[in-house]
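Worksheet: the structure to be examined is printed underneath.
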Amino acid sequence: MAKGPVSTSSDDELPFETQEPIAADERSFFAGQPQKPSAPNARAALPASLAGQEHYHGHRERLRDRFREQGDAALADYEILELLLFRLIPRRDTKPIAKALIERFGSLAGVFGAPQALLMEVKGVGEAVALDLKLISTVAHRTLKSELRSKQVLSSWSSVIQYCHAAMAHETREQFRILFLDKRNVLIADEVQGRGTVDHTPVYPREVVKRALELSATAMILVHNHPSGDPTPSRADIDMTKVIIDAAKALDITVHDHVIIGKDGHVSLKGLKLI
């Protein structure tokens, strides 16, 4: 949320705010001259496109065997990503691509959480591969979200945090999300109420409460992310939360918590006794 001063609007709302060209070489000078037969060499006689095939196909099988026999614990993060890229890029050595992705985004979670445009900046990742990676990420998010359905959210707190972290931790802009709950604290809706900049999202308490009434929600969990990675709440985060709590309380709507998500962790304002 906004790290700077909080402004007040006129209606008393608080906006809490490529194939690369082959270089010319001496081969052109000898192009018209007869060539001496070379010694038999099966690999050298192969077309360039097939010369490395034995290497990476053998590697692929070995990696699959390790995963099949020993499970994911036997593989590094980039190797897990390699296994996936085998399917997406069938005729290419995918190890360098997997390593480049991990190096660029820091972790598997960082790769899957990265925007499609940034994924495509990594050499070897085209639009189709980037889109498939985002699709897989969406499947993971939906899986985590489905675990919250028809459950009392407060008794599945670890699932709430896992879902919010997967959905928000690697976003490059702040977003403000609300989990709306019924009187049994079962999830009714999960909505992103606003998206902002790298360090600010405008939040209007009146709109938050209005949406809760539209959904017949009796409780809410507020969630937003800090793209910087540090989930420490700002003064504006705390003040905005208290305004929403006061507005909701007047209509018998409870705000259970406000959770701030960072890349490597989260902070609960209730846990810090700030609300």
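- In this structure the side chain of Leu108 never reaches within 4.5 angstrom of the side chain of Tyr78, judged on heavy atoms.
- The two residues Val209 and Ala247 come nearest to each other via the heavy atoms CG2-CB, 3.8 Å.
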Under the side-chain contact (heavy atoms from CB on, under 4.5 Å) criterion, do Leu181 and Val186 qualify, and how do the steps go?
-> CA-CA 5 Å; Leu181 313 177; Val186 172; over 6 Å; no
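- Taking CD1 of Ile245 as the start and NZ of Lys270 as the end, the distance is 9.5 Å to the nearest 0.5 Å.
- One distance of note links CE of Met220 with CD1 of Ile253; it measures 5.5 Å at 0.5 Å rounding.
- Here the CD atom belonging to Glu214 is positioned 9.0 Å from the CZ atom belonging to Phe180, to the nearest 0.5 angstrom.
- Listed by first and then second residue, the salt bridge (charged side-chain N to carboxylate O under 4.0 Å, His left out) pairs that reach into residues 215-228 come to none, sequence neighbours excluded.
- Note on Val259: it does not cluster hydrophobically with Val192, by side-chain heavy-atom contacts below 4.5 Å among ILVMFWY residues.
- Heavy-atom minimum distance, Ile97 versus Lys123: CG1-O, 4.0 Å.
- Checked against side chain to side chain contact (heavy atoms under 4.5 Å, CB included), Leu272 has the following partners two or more places apart in sequence or in another chain: Pro233, Val267, Leu274.
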Take Leu84 and Phe112 through the test side-chain contact (heavy atoms from CB on, under 4.5 Å) and record every step on the way to the result.
-> CA-CA 12 Å; Leu84 174 61; Phe112 289 113; 3.8 Å; yes
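- A search for side chain to side chain contact (heavy atoms under 4.5 Å, CB included) contacts involving Pro115 returns Leu118, Thr172, not counting sequence neighbours.
- For Glu69, the side chain to side chain donor-acceptor pair (under 3.5 Å) test picks out no residue, with sequence neighbours left out.
- Contacts of Arg68 classified as salt bridge (charged side-chain N to carboxylate O under 4.0 Å, His left out), with partners at least two apart in sequence or in another chain: Asp65.
- By the side chain to side chain contact (heavy atoms under 4.5 Å, CB included) test, Arg173 pairs with Arg195, sequence neighbours left out.
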Run the numbers on Val208 and Phe176 for side-chain contact (heavy atoms from CB on, under 4.5 Å), then give the verdict.
-> CA-CA 10 Å; Val208 171; Phe176 183 75; 4.1 Å; yes
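- When each of Leu222, Asp237, Thr241 is paired with Ile260, the side-chain contact (heavy atoms from CB on, under 4.5 Å) condition holds for Asp237 and for no other.
- Judged by distance alone, the side chain of Thr94 and the main-chain N or O of Leu85 form no donor-acceptor pair under 3.5 Å.
- Across all their heavy atoms, Leu119 and Phe105 have their closest contact at CD2-CE1, 3.7 Å.
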Pair His226-Glu174, side-chain contact (heavy atoms from CB on, under 4.5 Å): steps then yes or no | CA-CA 6 Å; His226 280 179; Glu174 278 201 10; 3.6 Å; yes
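- Remark: Glu79 engages Arg66 in a salt bridge, criterion side-chain N to carboxylate O under 4.0 Å.
- Remark: Glu171 engages no residue in a side chain to side chain donor-acceptor pair (under 3.5 Å) (not counting sequence neighbours).
- Counting heavy atoms from C-beta outward, Val223 and His258 have side chains that stay 4.5 Å or more apart.
- In this structure, Ile275 CD1 and Leu269 CG are separated by 5.5 Å, a value rounded to the nearest 0.5 Å.
- Hydrophobic clustering (ILVMFWY, side-chain heavy atoms < 4.5 Å, transitive): Val139 and Tyr163 are in distinct clusters.
- By the side chain to side chain contact (heavy atoms under 4.5 Å, CB included) test, Gln116 pairs with Met120, Glu127, Ala130, Leu131, Lys134, sequence neighbours left out.
- Scored by the side chain to side chain donor-acceptor pair (under 3.5 Å) test, Arg87 finds no partners at all (sequence neighbours excluded).
- Inter-residue side-chain proximity for Ile244 and Val203 is flagged as met; some heavy-atom pair is nearer than 4.5 Å.
- In this structure, the side chain of His165 does not engage the main chain of Ala169 through any donor-acceptor pair within 3.5 Å.
- With rounding to the nearest 0.5 Å, the separation of CD in Glu82 from CZ in Arg64 is 10.5 Å.
- Legend: salt bridge (charged side-chain N to carboxylate O under 4.0 Å, His left out) pairs involving residues 249-259, not counting sequence neighbours: none detected.
- Counting all heavy atoms, side chain and backbone alike, Ala167 lies closest to Arg177 at CB-NH2, 3.7 Å.
- Electrostatic pairing of Lys242 and Asp246 does not count as a salt bridge here, judged by no charged N lying under 4.0 Å from a carboxylate O.
- Side chains of Asp230 and Ser228: a donor-acceptor N/O pair is absent below 3.5 angstrom, by distance only.
- In this structure, Ser156 contributes its side chain and Ser159 its backbone to no donor-acceptor pair below 3.5 Å.
- Here the SG atom belonging to Cys164 is positioned 10.0 Å from the CG atom belonging to Leu144, to the nearest 0.5 angstrom.
- Here the closest heavy-atom approach between residue Gly262 and residue Pro231 is recorded as N-CB, 3.9 Å.
- Here Asn185 pairs with His256 under the side chain to side chain donor-acceptor pair (under 3.5 Å) rule; sequence neighbours left out.
- Closest approach of Leu187 and Ala189 over heavy atoms only: CD1-O, 3.3 Å.
- Within the structure, the salt bridge (charged side-chain N to carboxylate O under 4.0 Å, His left out) test picks out the following pairs touching residues 103-116 (sequence neighbours left out): Arg104-Glu121.
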